[in-house]
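Numbering starts at 1 and runs along the sequence shown. Predicted model only: the values in this text are computed from it and were never measured.
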Amino acid sequence: DGMNVLFIVVDDLRPVLGCYGDKLVKSPNIDQLASQSIVFSNAYAQQAVCAPSRVSFLTGRRPDTTRLYDFYSYWRVHAGNYSTMPQYFKENGYVTLSVGKVFHPGVSSNYSDDYPYSWSIPPFHPSTEKYENDKTCRGRDGKLYANLVCPVDVTEMPSGTLPDIQSTEEAIRLLNVMKTNKQKFFLAVGYHKPHIPLRYPQEFLKLYPLENITLAPDPWVPEKLPSVAYNPWTDIRQRDDVKALNVSFPYGPLPDNFQRQIRQSYYAAVSYLDMQVGLLLNALDDAGLSNSTIVVFTADHGWSLGEHGEWAKYSNFDVATRVPLMFYVPGMTTSSLGQGERIFPYLDPFSHVLGLVPQGQSKKVVELVSLFSTLAELAGLQVPPACPETSFHVALCSEGASIVRYFNASEEKAEEEKVGCDDTYRCFNEESVAFSQYPRPADTPQWNSDKPKLKDIRIMGYSMRTVDYRYTLWVRFYPNNFSANFEDVHAGELYMVETDPNQDYNIYNNISHGVFFKKILG
């Protein structure tokens, strides 16, 4: 009880990490955290775009309840005055601190990252964040461009640094202040990379020689993919290096060699992120706080790296919705430490080949909307009640149940439950499910398909992921009253995980899906 919380959230990070079985990536520090944590291998975001996902998991409500599917409304004004996770910790005596990108900045967090409701002091944003989209990438001709692929010499950057480096420094400073003041804290640290542009210190490229980089296993647009499901990756088309390739809209494809370069830079950016996480956790050790601090590591959503001929997020596929999720809880996921024992020594990604396995791994399907309840339970606070069917008027409740109950369940026990199921329908009802959704302006890919504004949304793709399948319905949506008509189905998708793990063969039209339909409505 009364543990501190270090909440690390990464922008656009899919689980390309050693601890998730990726053989290419070098992520020794995150893997080391995983080796002391419970790791969820089937965790999903509720909408694969920054602001809606973050507002959803920070309030513990789904996008249909926050009414945020784009970037342009503040939930307290347009949906309901919902308490947030940091606000709840603050009301329970914690000093709550925000560093980097935690809430999505702008209208959706009231231009203040929801300060003063959520945070004890004004949130910190790195001073060099404003150069993110400037021309800081040196081209072959020596000129500067605003590229997608952007390895840089940090000494040439404005102020000689990068935003995530500044965020790590500030987070470490705050940890030391909290230690000195002996204050109980909830510190949220939001890292930008590997969000585009893929701008990171160029030495990380050395870790990933281009000849070791493959294309996605399925770099083509699947034959039976409904056109409404496709996202045309408009944001990367606007970068100078992609623009120069003159790729056709909406399906492309990008040239193979450039696909490899994007994948290479994404991996390099992940190793740069790993270094920041390593420095931060090492500082937690230095301050003697590892024994009294819960550490959560996750992302707001994933990012397609050429799968299905798609890039970026903006879809309901696993590559866009699946996220890393791990919880380090002293005394629960690890035995407690001896005095002065180090648990997170910094590991240099350039010299460490680790191959550490997670302390515990759960294959249960879980959702980010459960974070609020889960962290409240782990910290010994009262768990927010489950929301009623309609909860616009309820300030404190959660639409995601705590997942602490999965922390100790051994896999064997889960297997037994599976076998011991006599009544198929009951079994079906009790399996764990993750719901995601994505809005579209039309049945075919448009320039605004990736990020339609609320007023332009005509179709909502509701998606349901279990251990065995992903089922998605694209239905008519009315933005004026936020309602969906499940009787007006524009398209459907069904992928079986066991035979089609990459979601390339849509069998929606091959089988009767009454039982799935009932479940998605339930």
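Proximity of a side-chain donor or acceptor of Thr298 to a complementary backbone N or O of Pro324 within less than 3.5 Å is detected. The backbone N or O of Arg476 sits nowhere less than 3.5 Å from a side-chain atom of Asp488 that would complete a donor-acceptor pair. Formation of a donor-acceptor pair under 3.5 Å by the Ser37 side chain with backbone atoms of Leu33 is found in this model. Looking only at distances, a side-chain donor or acceptor of Ser304 sits under 3.5 Å from a matching main-chain atom of Ala312.
A salt bridge links Arg62 to Glu367: one of the charged nitrogens lies within less than 4.0 Å of a carboxylate oxygen. Residues Arg405 and Glu377 are not paired through a salt bridge, judged by the lack of any N-O separation under 4.0 Å between the basic side chain and the carboxylate.
Of all heavy-atom pairs spanning Ser449 and Arg440, the tightest one is O-NH1, 2.9 Å. Residue Ile520 comes nearest to Phe435 through the heavy atom pair CG1-CE2, 4.3 Å, listed as atom of the first residue, atom of the second, then distance. When every heavy atom of Asp164 is checked against every heavy atom of Lys193, the shortest pair comes out as OD2-N, 3.0 Å. Closest of all the heavy-atom pairs between Lys451 and Tyr314 is CG-CE2, 3.6 Å. Asp443 approaches Ser227 most closely through the heavy-atom pair O-OG, 2.8 Å.
Ser108 and Tyr72 share no donor-acceptor pair across their side chains, judged by distance under 3.5 Å alone. For the residue pair Asn316 / Gln437, no side-chain donor-acceptor distance below 3.5 Å is found, with atom types taken as modelled.
A tilted orientation is assigned to the rings of Tyr230 and Tyr251, their planes being inclined by 30° to 60°. By the 30° and 60° cut-offs, the orientation of the rings of Trp303 relative to Tyr266 is parallel.
Residue pairs meeting the salt bridge (charged side-chain N to carboxylate O under 4.0 Å, His left out) criterion with at least one member in residues 65-88, sequence neighbours excluded: Arg76-Asp114.
Ring centers of Tyr469 and Tyr495: at least 6.0 Å apart, outside the cut-off. In this structure, Phe477 has its ring center closer than 6.0 angstrom to the ring center of Tyr69. Checked against the 6.0 Å centroid threshold, Trp474 and Tyr462 do not count as a close aromatic pair. Ring centers of Phe372 and Phe57: at least 6.0 Å apart, outside the cut-off.
For the pair Arg470 and Tyr44, the cation-pi criterion (under 6.0 Å, within 45° of the ring axis) is fulfilled.
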Show me the donor-acceptor pairs, under 3.5 Å and distance only, between side chains in residues 384-395 and residues at least two apart or in other chains.
from: Ser391; atom 1: OG; to: Arg61; atom 2: NH1; distance (Å): 3.1

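No more than 12 heavy atoms of other residues, nucleotides or ligands lie within 6.0 Å of CD in Glu223, so this atom counts as exposed by the packing criterion.
Remark: of the listed residues Asp12, Asp11, Asp300, Asp450, Asp12 is the sole one forming a side chain to side chain donor-acceptor pair (under 3.5 Å) with Lys313.
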